[in-house]
Amino acid sequence: MHIAIVGNIGAGKTTLANKLAHHFNWEVFLEDVDHNPYLKDFYDDMPRWAFHLQVYFLNSRFRQVQRIKELQRAGKGVIQDRTIYEDAHIFAANLHESRLMTERDYQNYCNLFESMISMVDAPDLLLYLKADLPKLIQQIEKRNRDYENNIKIEYLKNLNEHYEKWISGYKNGKLLVIDVNNLDYVHNPEDLGIVIERINSTLFGLF
Ligand SMILES: Nc1ncnc2c1ncn2[C@@H]1O[C@H](COP(=O)(O)OP(=O)(O)O)[C@@H](O)[C@H]1O
Ligand SMILES: Nc1ncnc2c1ncn2[C@H]1C[C@H](O)[C@@H](COP(=O)(O)O)O1
């Protein structure tokens with residue numbers, strides 16, 4: 001079983017991924033953030049570092065996909081925090097549309113993505129955490145990563161629009177959309193229970 005959690009920056013993916021991994025006793029795959037050699041530079045100067053960062057994330061996500069396949073073959077369950085689809089359909093597409101990535105770099109990136117995606121299996125469940133801008137801003141501030149302090153509201157808004165468009169056309173497998181605006185699974189166990197019930201019901205038809 002492979003559940004992938006998708007959603008905008010600060011939506012609560014990592015927090016939920018850890019909680020679900022604990023609940024189901026499955027492996028968790030988190031994003032390569034703390035050791036990412038480009039992320040801080042990217043936030044300082046997006047046009048300069050956009051392509052480098054996208055290639056870095058694409059490769060790290062692709063490696064993750066290979067490790068997830070191995071675990072699945074061994075019969076293990078996996079929770080994944082963010083997917084390779086989001087790199088291309090959300091972040092790279094947004095950088096291109098916002099003219100922060102050149103046409104030439106974007107086409108080069110898309111060709112690379114196309115070569116890789118044929119070797120990627122869709123998750124058994126794509127769990128989209130849908131959050132409005134105030135919730136995202138509040139949670140990004142709460143997390144307080146220094147390089148994210150200058151993220152523009154416009155950037156988050158554009159990413160949210162890309163998420164809505166992508167999710168509305170997602171046909172690769174089961175999809176569960178959870179509005180997290182009024183959920184607090186950090187402090188309220190009942191809220192975590194609601195999410196788990198909805199996952200069980202979507203995956204196994206329970207409840
Ligand atoms: N539903 C929630 N309610 C309240 N706080 C949350 C919720 N989800 C996440 N948080 C908090 O918001 C911050 C960002 O969450 P995180 O899981 O790192 O988001 P993401 O991985 O999507 O960027 C963390 O400090 C986390 O404790
Ligand atoms: N593909 C990406 N392009 C640009 N930025 C990205 C990409 N994937 C992740 N990020 C950024 C967004 C956040 O600042 C960190 C971690 O993501 P989070 O949603 O907080 O888990 O990396």
Side-chain angles (χ1 to χ4, degrees), residues 4-22 28-62 64-65 79-98 100-101 105-106 109-110 112-113 116-117 127-152 155-156 158-160 162-163 166 178-196 198:
I5 307 180
V6 304
N8 207 338
I9 305 168
K13 300 177 299 299
T14 308
T15 308
L16 185 61
N18 284 318
K19 287 185 183 295
L20 292 180
H22 182 256
V28 64
F29 283 80
L30 303 177
E31 284 190 282
D32 189 355
V33 176
D34 291 340
H35 300 105
N36 188 309
Y38 292 108
L39 200 53
K40 184 181 178 310
D41 287 335
F42 168 75
Y43 279 117
D44 285 343
D45 184 351
M46 289 193 180
R48 169 77 180 85
W49 297 106
F51 182 72
H52 302 72
L53 180 72
Q54 291 315 314
V55 170
Y56 182 85
F57 266 125
L58 195 58
N59 183 49
S60 107
R61 220 81 75 176
F62 189 68
Q64 213 178 55
V65 164
I79 306 282
Q80 185 188 14
D81 173 1
R82 186 154 280 134
T83 61
I84 197 166
Y85 303 118
E86 292 159 90
D87 293 319
H89 298 305
I90 311 293
F91 287 95
N94 178 53
L95 287 167
H96 176 242
E97 277 166 39
S98 307
L100 295 163
M101 191 193 275
D105 284 350
Y106 184 60
Y109 174 87
C110 287
L112 185 57
F113 176 75
M116 289 176 160
I117 202 66
L127 174 53
Y128 171 44
L129 303 185
K130 183 179 160 82
D132 294 335
L133 293 177
K135 177 84 170 173
L136 296 174
I137 293 162
Q138 183 201 338
Q139 295 193 167
I140 291 169
E141 283 173 358
K142 190 163 150 189
R143 180 169 61 198
N144 199 24
R145 283 185 190 138
D146 56 349
Y147 50 83
E148 289 179 347
N149 287 340
N150 294 326
I151 291 182
K152 294 201 170 52
Y155 184 68
L156 292 175
N158 290 340
L159 292 177
N160 252 5
H162 277 86
Y163 270 105
W166 172 58
I178 297 198
D179 184 329
V180 292
N181 286 300
N182 298 309
L183 282 186
D184 184 347
Y185 41 70
V186 176
H187 302 103
N188 301 335
E190 316 85 68
D191 285 358
L192 181 62
I194 292 172
V195 175
I196 292 171
R198 292 196 56 199

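Numbering of ligands and ligand atoms starts at 1, following listing order. What you see is a predicted model, and the numbers here were worked out from it, not measured in a lab.
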Taking only heavy atoms of [X], which atoms of ligand 1 are found under 4.0 Å from at least one of them?
| X | answer |
| --- | --- |
| Gly12 | 8 (N), 9 (C), 15 (O), 16 (P), 17 (O), 19 (O), 20 (P), 22 (O) |
| Lys13 | 17 (O), 19 (O), 20 (P), 21 (O), 22 (O), 23 (O) |
| Lys135 | 1 (N), 2 (C), 3 (N), 4 (C) |

Any residue meeting side chain to side chain contact (heavy atoms under 4.5 Å, CB included) with Asn150, in chain and number order, not counting sequence neighbours: none

Contacts of type side chain to side chain contact (heavy atoms under 4.5 Å, CB included), residue Met116, not counting sequence neighbours: Leu58, Phe62, Leu112

Among all protein heavy atoms in this structure, tell me which lies nearest to [atom], with the distance rounded to 0.1 Å.
| atom | result |
| --- | --- |
| atom 18 (O) of ligand 1 | Arg143 NH1, 2.9 Å |
| atom 21 (O) of ligand 1 | Thr14 OG1, 2.7 Å |
| atom 25 (O) of ligand 1 | Lys142 CG, 3.9 Å |
| atom 27 (O) of ligand 1 | Val186 CG2, 3.8 Å |
| atom 24 (C) of ligand 1 | Thr15 OG1, 4.3 Å |
| atom 7 (C) of ligand 1 | Gln139 OE1, 3.0 Å |

Within reach of ligand 1, part of Glu141 (heavy-atom separation under 4.0 Å): neither

Partner of Ile5 by side chain to side chain contact (heavy atoms under 4.5 Å, CB included), out of Ile79, Asp81, Thr15, Thr14: Ile79

Candidate list Asp179, Ile137, Asn181, Leu156, test side chain to side chain contact (heavy atoms under 4.5 Å, CB included), partner Asp132, passing option: Asn181

The one among Leu183, Ile5, Leu192 that brings a heavy atom closest to atom 1 (N) of ligand 1: Leu183

Under 3.5 Å: N/O of Gly10 near N/O of ligand 1: yes

Close side-chain approach of Leu100 to Phe42, heavy-atom, < 4.5 Å: no

Side-chain touch Asp184/His187, heavy atoms, less than 4.5 angstrom: yes

Pairs where residues 41-53 contributes a residue and the test side chain to side chain donor-acceptor pair (under 3.5 Å) is met, not counting sequence neighbours: Lys40-Asp44

Asp146 atom CG, over 12 foreign heavy atoms within 6.0 Å: yes

Short side-chain to backbone donor-acceptor contact, Glu86 and Val6, under 3.5 Å: no

Ala11 near ligand 1 by a heavy-atom separation under 4.0 Å: yes

Aromatic contact, Phe51 with Tyr109 (centres under 6.0 Å): no

Would you tabulate the polar-atom pairs, meaning N/O of ligand 2 against N/O of the protein, with distances under 3.5 Å, reported to 0.1 Å?
residue: ligand 2; atom: 1 (N); partner: Gln54; partner atom: OE1; Å: 3.0
residue: ligand 2; atom: 1 (N); partner: Asp87; partner atom: OD1; Å: 2.7
residue: ligand 2; atom: 3 (N); partner: Gln54; partner atom: NE2; Å: 2.7
residue: ligand 2; atom: 8 (N); partner: Arg61; partner atom: NH2; Å: 3.3
residue: ligand 2; atom: 14 (O); partner: Tyr43; partner atom: OH; Å: 2.6
residue: ligand 2; atom: 14 (O); partner: Glu148; partner atom: OE2; Å: 2.5
residue: ligand 2; atom: 17 (O); partner: Glu31; partner atom: OE1; Å: 2.9
residue: ligand 2; atom: 17 (O); partner: Arg82; partner atom: NH1; Å: 3.0
residue: ligand 2; atom: 19 (O); partner: Lys13; partner atom: NZ; Å: 2.7
residue: ligand 2; atom: 19 (O); partner: Arg82; partner atom: NH1; Å: 2.9
residue: ligand 2; atom: 19 (O); partner: Arg82; partner atom: NH2; Å: 3.2
residue: ligand 2; atom: 20 (O); partner: Arg143; partner atom: NH1; Å: 3.0
residue: ligand 2; atom: 20 (O); partner: Arg143; partner atom: NH2; Å: 3.1
residue: ligand 2; atom: 20 (O); partner: Arg145; partner atom: NH1; Å: 3.3
residue: ligand 2; atom: 21 (O); partner: Glu31; partner atom: OE1; Å: 2.4

Heavy-atom pair of closest approach, residues His162 and His89: CD2-O, 3.7 Å

Closest non-hydrogen atom pair between Arg143 and Ile9, with its separation: NH2-CG2, 3.5 Å

